[in-house]
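The structure under discussion appears below in the form of structure tokens.
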Amino acid sequence: MSELKTENQELATVYSARDIEVETYKFWEENDCFKADAKSDKEAYSIVIPPPNVTGVLHMGHALDGTLQDILIRYNRMLQKEVLWMPGCDHAGIATQNVIEKNLAKEGISRHDLGRERFLAKTWEWAEEHKNRILEQFKILGASFDLSRKRFTLDEGCSNAVKKVFVDLYNKGLIYKGSYIVNWCPRCQSAISDIETNYETEDGNLWEISYALKDEMGAIVIATTRPETMFGDVAIAVNPTDYKYKDLIGKECVMPLTGRAIPIIADDYVDKSFGTGALKITPAHDPNDFEVGLRHNLPQIKVIDEKGCMMKNEFVPPQIQGLTREEAREKTVKMLEENQVLIKITKHVHNVGKCQRCNTTIEPLLSKQWFVKMEPLAKRAIEVVKDGTIKFIPQRWEKNYLMWMENIRDWCISRQLWWGHRVPAYYHNQTGEMVVALENPDPNNYTQDTDVLDTWFSSGLWPFETMGWPVKTSEDYKKFYPTNTLVTGFDIIFFWVARMITMGLEFTDVAPFSTVYIHGLIRDEHGQKMSKSKGNTIDPVDLIEKYGTDALRFTLTSLCTYGGQDIKISDEKFEFGRNFANKVWNASRFVLMNLTKPKEELKLDLANLSLADKWILNEFNEVAKIVNENLETYRIGEVATVLYDFFWNKYCDWYVELSKIEKNEAVLVYILENYLRLLHPIMPHITEAIWQKMPIEKDKVGILFTQYPQFDEKLTFKDAKNMETVFELIKALRNVRAEFNIPLGSMINISIDNNEELYSQIIPYLKRLAKVEDVKFEKNPNSEKSATCVVEDTKITIPLADLIDLDQEIKRQQKKIEKLEIELKSINGRLNNEKFVSSAPKEVVDKTKERKEELLSEIGLIEETIKKLS
RNA sequence: GGGCGUUUAGCUCAGUUGGUAGAGCGCUUCCCUUACAAGGAAGAUGUCGGGAGUUCGAGCCUCUCAACGCCCACCA
């Protein structure tokens with residue numbers, strides 16, 4: 001077994017995170033700590049990573065997503081489950097192909113110059129080179145995934161799964177090929193799906209064009225935002241209830257510029273109040289017109305080609321042929337003007353579809369593509385969310401998911417790219433007959449379809465294709481499928497989560513995971529999305545170098561709210577985690593440094609505990625309970641808060657301080673060790689490094705395999721809260737010191753008039769923590785020239801001789817009374833309200849009454865004091 | 001057009017079944033007390049976006065208005 005070397009850190013007063021983190025990760029790797037055992041008989045817990053793109057480099061989104069997954073994995077590992085975090089990458093069809101093409105363009109060549117095979121060879125070479133880069137980067141996050149199982153969406157196993165799924169769906173009639181209008185990206189030269197299309201508002205014009213009636217006088221004026229598509233017009237449509245045009249329905253008109261005659265039809269789709277109420281129908285270049293065209297059996301005339309240029313055919317005037325869409329628009333408008341059929345131009349803001357990948361304006365284009373029939377598949381995917389088989393956290397995303405699923409449209413899965421899973425359809429070279437099959441039936445006579453599949457088609461199979469499917473007997477599949485939790489951002493619920501659910505149910509008959517944990521998106525300090533083009537990105541690698549991985553993880557975790565709000569970050573925010581890591585390091589160092597026998601194991605003796613010991617054990621026990629509850633319910637930010645508060649404000653500020661006066665080393669070490677375990681999932685490296693140095697029996701390789709602390713009845717102590725009264729007293733004395741500027745060098749004496757039993761236990765603490773010289777217990781001390789403080793039902797008198805400024809002291813006391821009286825007033829208001837007393841729960845009423853008594857007594861004591869002073 | 005989110009201390013944000021508001025940073029005063037100045041001690045700061053309602057009681061539940069943001073739909 002290799003050892004964790006951290007000797008050089010032993011005495012450093014400032015924690016140098018990176019040295020420890022690098023060493024620690026190496027230690028885990030060398031001991032093969034993350035390897036999942038499919039043969040284990042322990043309960044399984046598994047997560048599949050949302051496969052990052054091969055083209056990608058680590059960004060803040062990965063850092064957050066990865067941290068959250070690692071927390072869940074480490075937590076469940078410590079719950080003694082057999083955990084598998086499955087890593088891998090996505091081949092990212094369009095994104096990768098774009099990168100390669102861009103590189104080629106620098107050399108002045110296109111993919112067509114290379115040809116499909118050479119292009120793919122080049123892309124594979126590049127992918128192989130970059131495939132591991134991003135997963136390597138995940139390591140600096142401390143990711144405890146099982147790299148021996150690393151997968152790639154284009155590897156052999158995934159490719160087989162994709163083929164099988166395609167063929168099966170085709171055979172079930174759920175995949176079909178057809179001519180439909182699709183979103184075409186003229187730059188990517190491919191169809192893209194609806195959700196890969198984003199809409200942007202653009203300033204445009206609404207052109208009103210007059211179409212003369214055929215065989216009679218008069219004309220009909222239509223309004224359009226895209227005059228260049230008019231050459232593909234096949235009809236003019238009006239609303240059947242529109243009296244303006246009632247008489248024209250069924251007649252024909254003559255198109256300007258080309259003279260082609262088209263019918264005037266009636267269709268409900270037309271909005272009477274928009275434009276002129278008459279709409280030109282261009283089925284080949286507009287999705288709505290396409291639908292209208294089908295309803296009326298109209299022809300489809302294509303006038304724009306795949307490059308976004310006007311076609312050279314009989315429908316397009318020679319002057320327009322070959323022009324780009326933009327040029328054609330300008331020229332068409334000019335020609336219409338010359339022909340005096342352009343009636344009106346109005347400014348019009350409208351939405352224009354853009355390619356998600358390259359932001360090129362989409363051309364709705366009639367084209368032959370492959371589609372998945374989604375509606376039948378969506379049924380069960382809706383069910384499992386409705387019946388709670390799959391739970392979204394936060395729950396509000398379920399509504400979002402269901403709305404989308406219930407209005408699902410067929411999914412265009414074919415892409416005219418080269419990089420991806422090729423459609424397993426084969427065409428006979430002579431007859432053109434199509435065969436959809438796992439293999440080419442006869443390579444001499446059949447040629448494979450040239451299209452590839454949407455990247456999300458393969459990532460939709462990710463939870464089971466990585467587990468050995470379609471071999472259902474494979475060990476991983478049996479042990480680790482279905483997976484437990486899926487962790488991702490809301491931006492890919494439709495792209496990815498929805499598809500995994502549908503495909504998982506269809507092919508494995510179970511939901512691929514039971515919980516979908518949706519976290520917010522990382523944004524810059526102004527709430528803007530981070531993007532390279534905006535130049536507002538923060539590189540997690542830089543942050544890690546500056547603050548350390550654990551600091552990054554802790555900070556990010558603390559910012560995760562239960563509602564999954566987006567997370568605004570700036571560089572300085574990570575000081576929070578860095579400071580905390582430093583605190584953990586130093587406190588641990590202090591505790592371990594001062595052990596009387598640094599190497600000896602200490603036994604916790606529950607029969608022999610001081611009030612302080614009971615208090616800290618009790619507090620820790622509560623924390624363990626809350627932390628477990630919050631991890632189970634994905635309130636992960638709360639976990640960080642609770643752990644921070646306990647360690648800093650309870651353990652360090654009080655218990656470790658008290659230990660400088662009187663200490664129970666067994667408790668000090670017990671709390672520290674168990675605390676490190678609680679913290680380990682969030683801050684894995686620092687906790688491991690310290691744990692390795694602790695004088696405890698180590699029956700595990702590292703802290704990562706130890707049992708996660710749970711609530712323990714034995715560690716509850718009823719009277720532990722008394723310690724808080726003690727702290728109140730100490731704070732009150734410190735306050736007196738601060739108010740009267742009494743330097744720490746001069747000791748004070750005090751008289752306590754009540755609760756001798758409690759306070760006599762803590763005299764040593766008072767000496768050290770409040771610089772008290774002498775403590776007297778007496779009922780009516782001489783309070784002349786004294787300051788007074790009241791803690792609950794006890795009055796403490798501090799003779800200050802000439803240091804006291806009586807006016808100041810009276811003021812101080814009056815201020816306290818004012819505060820207490822505000823509360824008393826509100827409490828009296830409640831207690832005097834009969835309805836409150838009768839309808840509020842008894843507990844609440846009793847508590848309120850109790851509080852009233854406390855307040856009255858405290859106020860009484862203070863008033864008494866003021867009287868004596870004045 | 002439909003849906004969702006946000007609005008709480010100067011800033012960034014928490015606030016888990018309604019019981020009377022918290023953290024971090026910043027700010028004021030004091031302290032280099034040998035674990036930690038990336039620290040310690042003591043403080044100050046809020047009509048919880050506006051209005052109405054339910055309730056003994058509302059930051060939290062209902063309605064309404066306002067501002068900002070996001071998602072879906074894609075009227076040419």
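Just so it is clear: chains get the letters A, B, ... in the order the sequence lines come, proteins before strands, and each one is counted from 1. Below, each value reflects all heavy atoms present in this structure, side chains not excepted, and no hydrogens, waters or symmetry copies.
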Between [N] and [X], is there an OP1 or OP2 to side-chain N/O distance shorter than 4.0 Å?
X: A:T224; N: B:A76; answer: no
X: A:K771; N: B:A41; answer: no
X: A:Q565; N: B:U6; answer: yes
X: A:K847; N: B:G19; answer: no
X: A:K660; N: B:G40; answer: no
X: A:H350; N: B:C74; answer: no
X: A:R734; N: B:A42; answer: yes
X: A:W648; N: B:G40; answer: yes

*Take the protein atom NZ of A:K568 and the nucleotide atom P of B:U7, then report the distance between them rounded to whole Å.*
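Distance check: A:K568 NZ to B:U7 P gives 11 Å.
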*Whole angstrom value for the distance that separates C1' of B:G22 from CG of A:N649*: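 Checked: the CG to C1' distance equals 12 Å.
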Determine the interatomic distance between [atom1] on [N] and the same-named atom on [M]; round to the nearest Å.
N: B:U29; M: B:A44; atom1: P; value: 15 Å
N: B:C61; M: B:A37; atom1: C1'; value: 47 Å
N: B:C13; M: B:C48; atom1: C1'; value: 13 Å
N: B:G5; M: B:A58; atom1: P; value: 24 Å
N: B:G40; M: B:G53; atom1: P; value: 48 Å
N: B:G59; M: B:A41; atom1: C1'; value: 32 Å
N: B:G43; M: B:U34; atom1: C1'; value: 28 Å
N: B:G57; M: B:G19; atom1: C1'; value: 7 Å

[N] pairs with, by Watson-Crick or G-U criteria that keep both distances under 3.5 Å:
N: B:G69; result: B:C4
N: B:A76; result: none
N: B:G57; result: none
N: B:U17; result: none
N: B:A41; result: B:U29
N: B:A35; result: none

Have [X] and [Y] got a donor and an acceptor in their side chains that come within less than 3.5 Å?
X: A:T282; Y: A:D233; result: yes
X: A:K244; Y: A:T276; result: no
X: A:T197; Y: A:K354; result: no
X: A:N239; Y: A:Y245; result: no

_Check this for me: does the side-chain of A:N351 come within 3.5 Å of the base of B:C74 through a donor and an acceptor?_
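By the distance-only test, yes, there is a pair.
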*Assess whether one donor atom and one acceptor atom, taken from the side chain of A:E657 and the base of B:A41, lie less than 3.5 Å apart.*
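In this structure, the two groups form no donor-acceptor pair.
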Under 4.0 Å, heavy atoms only, any strand: does [X] hit a base, just the sugar-phosphate, or nothing?
X: A:P287; result: nothing
X: A:R409; result: sugar-phosphate
X: A:S839; result: base
X: A:K354; result: nothing
X: A:N594; result: nothing
X: A:K731; result: sugar-phosphate
X: A:R830; result: base
X: A:F274; result: base
X: A:T641; result: nothing
X: A:N833; result: sugar-phosphate
X: A:R635; result: base
X: A:V837; result: nothing

Look at the side chain of [X] and decide which nucleotide, out of [options], has an atom nearest to it.
X: A:K583; options: B:G19, B:C56, B:C36; value: B:C36
X: A:N586; options: B:A35, B:A42, B:A41; value: B:A35
X: A:N400; options: B:G15, B:A35, B:C71; value: B:C71
X: A:N735; options: B:G19, B:A42, B:A35; value: B:A42
X: A:D271; options: B:A76, B:G3, B:A14; value: B:A76
X: A:M593; options: B:A38, B:G19, B:A35; value: B:A35
X: A:A223; options: B:A76, B:U20, B:A38; value: B:A76
X: A:R589; options: B:A35, B:A42, B:G24; value: B:A35
X: A:A840; options: B:C36, B:A76, B:C56; value: B:C56
X: A:F836; options: B:C56, B:A76, B:U33; value: B:C56

_Residue whose closest nucleotide on RNA chain B lies nearer the 5' end, A:D286 versus A:E525_ =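 The answer here is A:E525.
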*RNA chain B: 5'-proximal contact among A:L559 and A:I195 (nearest heavy atom)*: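 Result of the comparison: A:L559.
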*Which pair of non-hydrogen atoms, one from A:T557 and one from A:A640, has the smallest distance, and what is that distance?*
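Shortest heavy-atom separation between A:T557 and A:A640 comes out as CG2-CB, 4.1 Å.
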*Relative to each other, are the rings of A:Y644 and A:F580 parallel, tilted or perpendicular (30° and 60° limits)?*
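Ring orientation of A:Y644 relative to A:F580: tilted.
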*What do you reckon, is NZ of A:K391 surrounded by more than 12 foreign heavy atoms closer than 6.0 Å?*
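No.
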_Over-ring placement of A:R499 relative to A:W411, 6.0 Å and 45° cut-offs_ =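 Judged by the rule (NZ or CZ under 6.0 Å from the ring centre, within 45° of its axis), A:R499 counts as positioned above A:W411.
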*How long is the gap from CD1 on A:I567 to OG1 on A:T561, to the nearest 0.5 Å?*
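One gets 7.5 Å once the value is rounded to the nearest 0.5 Å.
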*asked:* Please evaluate residues A:K583 and A:Y651 with respect to the criterion side-chain contact (heavy atoms from CB on, under 4.5 Å), reporting the C-alpha separation (whole Å), side-chain torsions for both, the decisive distance (0.1 Å), and the verdict.
replied: CA-CA 11 Å; A:K583 190 77 179 176; A:Y651 188 68; over 6 Å; no
